[in-house]
Structures are given as structure tokens and as C-alpha cells.
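Report on the structure given below.
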Amino acid sequence: MENKLNYDIRPIKMDDYPKLTKWWKLYKEYGVEVPRKSLLPNKGLGGFVVEKDERLVASAFLYLTNSALGYVDYLIADPTYRENDRQNMLLDLAAYVTIVAVKLGCEKVWAMTSNKKLVSMAKEDGGFDILPDDYKIVYTYNKNF
């Protein structure tokens with residue numbers, strides 16, 4: 001997807017995965033874990049990336065369910081990319097993935113982030129609805145049953 005800010009959004013390729021893994025490792029101090037490919041949609045190929053001047057800048061994955069609900073997760077950006085368009089790229093990526101989900105039959109799409117600036121932009125400029133702050137994520141990642 002070409003846009004006015006001069007970057008592209010395209011489907012993820014397996015060649016992108018080592019770069020994403022590097023980013024996840026760099027965010028480890030914030031509690032970010034490197035997801036196994038088995039936890040990603042289409043074994044790591046069910047997502048999209050933002051690319052600017054042949055540089056990978058951000059990525060997000062789209063989970064499709066057996067209902068009309070889609071889910072966007074593992075939104076991540078290159079921690080060394082600090083240009084002014086970074087937040088807009090993330091918001092455009094989330095909007096793009098949402099549009100893809102709707103085109104695939106989703107009636108509602110969820111996403112989560114702890115990025116306060118991105119949440120504010122999504123609410124003010126992006127037309128997204130934001131749930132109250134009192135929600136918590138309950139998960140069983142890496143648990144043995």
C-alpha cells in the first residue's frame with residue numbers, strides 16, 4: 001500500500017522474521033517475549049510489515065477466528081527507528097490490518113497495545129474505539145498443563 005508519507009505496507013515474508021526476532025529481543029526489558037512461529041498466524045506469515053526506503057520499520061499479525069472476530073497482535077517496531085513518522089506508521093499499519101480483516105469477513109477487530117501515545121492517536125485521529133484502562137490480559141503462555 002503506497003501512501004502520502006512515502007512508505008509501503010506489505011505482507012510479511014519469512015525473510016523478515018529474523019529482523020522481527022531481533023526487535024522482540026531488544027524489547028525484552030519491557031516483558032516482551034519472542035513468540036514461537038507456532039503461535040503466530042500462518043506460522044509467521046500471517047502478518048504485514050511497514051517498509052520505508054527498503055528498511056523494515058514495523059510489523060503486526062492478523063489472527064482470524066472461527067467467528068466474525070479478528071485480532072491484531074504482536075505489533076512491533078524497530079526500536080532504533082525514531083523518525084517523526086514512527087507513530088503514524090504504527091497507526092496506519094493497525095488500520096491497514098483492520099481493513100484486511102474486514103475484507104475477509106470480520107465484523108469486529110481487536111488489538112492491544114501499552115503504547116500510550118499510540119492509544120491517544122488511535123482514539124483522536126484514527127477513529128478507533130478504546131476500552132477502559134481497567135482490563136487485564138489473562139494468559140497461559142509457556143504454561144504446562
Side-chain angles (χ1 to χ4, degrees), residues 1-65 69-143:
M1 172 180 129
E2 186 70 29
N3 62 50
K4 64 185 182 297
L5 295 175
N6 210 19
Y7 50 85
D8 296 314
I9 298 176
R10 63 163 172 82
I12 194 168
K13 298 183 280 193
M14 199 49 71
D15 292 349
D16 299 326
Y17 196 76
K19 177 75 69 176
L20 303 181
T21 299
K22 179 181 175 185
W23 296 347
W24 282 314
K25 287 179 180 177
L26 289 171
Y27 283 110
K28 187 174 185 170
E29 68 184 80
Y30 299 104
V32 174
E33 296 183 25
V34 178
R36 296 184 303 269
K37 287 182 187 175
S38 63
L39 294 176
L40 298 171
N42 198 20
K43 296 186 171 119
L45 293 175
F48 298 86
V49 295
V50 173
E51 196 170 48
K52 181 178 181 183
D53 299 328
E54 299 183 21
R55 178 180 179 178
L56 212 58
V57 177
S59 179
F61 290 87
L62 174 60
Y63 290 83
L64 299 172
T65 68
L69 175 67
Y71 177 65
V72 180
D73 203 351
Y74 292 107
L75 176 68
I76 191 163
D78 180 349
T80 67
Y81 185 87
R82 292 309 207 184
E83 303 299 321
N84 291 336
D85 57 359
R86 175 187 169 100
Q87 297 293 336
N88 284 324
M89 284 185 194
L90 292 171
L91 195 58
D92 286 349
L93 178 59
Y96 182 86
V97 175
T98 299
I99 290 167
V100 169
V102 169
K103 286 182 178 180
L104 292 172
C106 293
E107 296 171 17
K108 186 171 261 193
V109 182
W110 288 351
M112 290 184 291
T113 183
S114 60
N115 183 322
K116 290 179 182 9
K117 184 173 181 182
L118 189 59
V119 169
S120 177
M121 289 175 65
K123 186 175 184 179
E124 293 171 15
D125 304 329
F128 292 91
D129 293 323
I130 310 298
L131 292 174
D133 290 343
D134 57 349
Y135 282 85
K136 301 293 181 207
I137 303 300
V138 179
Y139 69 100
T140 58
Y141 190 74
N142 286 336
K143 305 286 186 204

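Note that the structure is predicted; figures quoted are calculated from it, not measured.
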Worksheet item: Any side-chain heavy-atom pair from Tyr74 and Leu40 closer than 4.5 angstrom?
Response: yes

Discussion item. Using the rule side-chain contact (heavy atoms from CB on, under 4.5 Å), only one of Thr98, Leu104, Val102, Val97 pairs with Val100; which is it?
Written reply: Leu104

Fill in: Euclidean distance, Met14 CE relative to Asn42 CG, rounded to 0.5 Å
8.0 Å

Item to complete: Mind listing the closest non-hydrogen atom pair of Pro11 and Val49 along with its distance?
Response: O-CG2, 4.4 Å

Response to the item:
In terms of heavy-atom contacts, Asn6 and Lys52 come closest through O-CG, 3.8 Å

Item to complete: To the nearest 0.5 angstrom, please state how far the OG1 atom of Thr80 sits from the NZ atom of Lys22.
Response: 7.0 Å

Worksheet item: Do you know the tightest heavy-atom contact between Arg86 and Pro79?
Response: NH1-CA, 4.2 Å

Worksheet entry | Ion pair check, Arg10 and Asp16, cut-off under 4.0 Å | yes

Worksheet item: Once you round to the nearest 0.5 Å, how far does CG of Leu56 lie from CD1 of Ile76?
Response: 10.5 Å

Practice prompt. Determine yes or no for a side-chain-to-main-chain donor-acceptor pair under 3.5 angstrom, with Ser59 supplying the side chain and Phe48 the backbone.
Written response: yes

Worksheet, complete the sentence: dist Asp78:CG -> Leu20:CG (nearest 0.5 Å) comes out at 10.0 Å

Worksheet entry | Distance-minimising heavy-atom pair for Gly44 and Phe61 | O-CE2, 3.5 Å

Worksheet item: Should the pair Tyr63 and Tyr71 be assigned to parallel (<30°), tilted (30 to 60°) or perpendicular (>60°) ring geometry?
Response: tilted

Fill in: Heavy-atom check, side chain of Pro41 versus side chain of Leu62, under 4.5 Å
no

Response to the item:
The reported gap from NZ in Lys19 to CD1 in Ile12 (rounded to nearest 0.5 angstrom) is 12.5 Å

Worksheet item: What is the distance from atom OH of Tyr96 to atom CG of Leu93, rounded to the nearest 0.5 Å?
Response: 9.5 Å

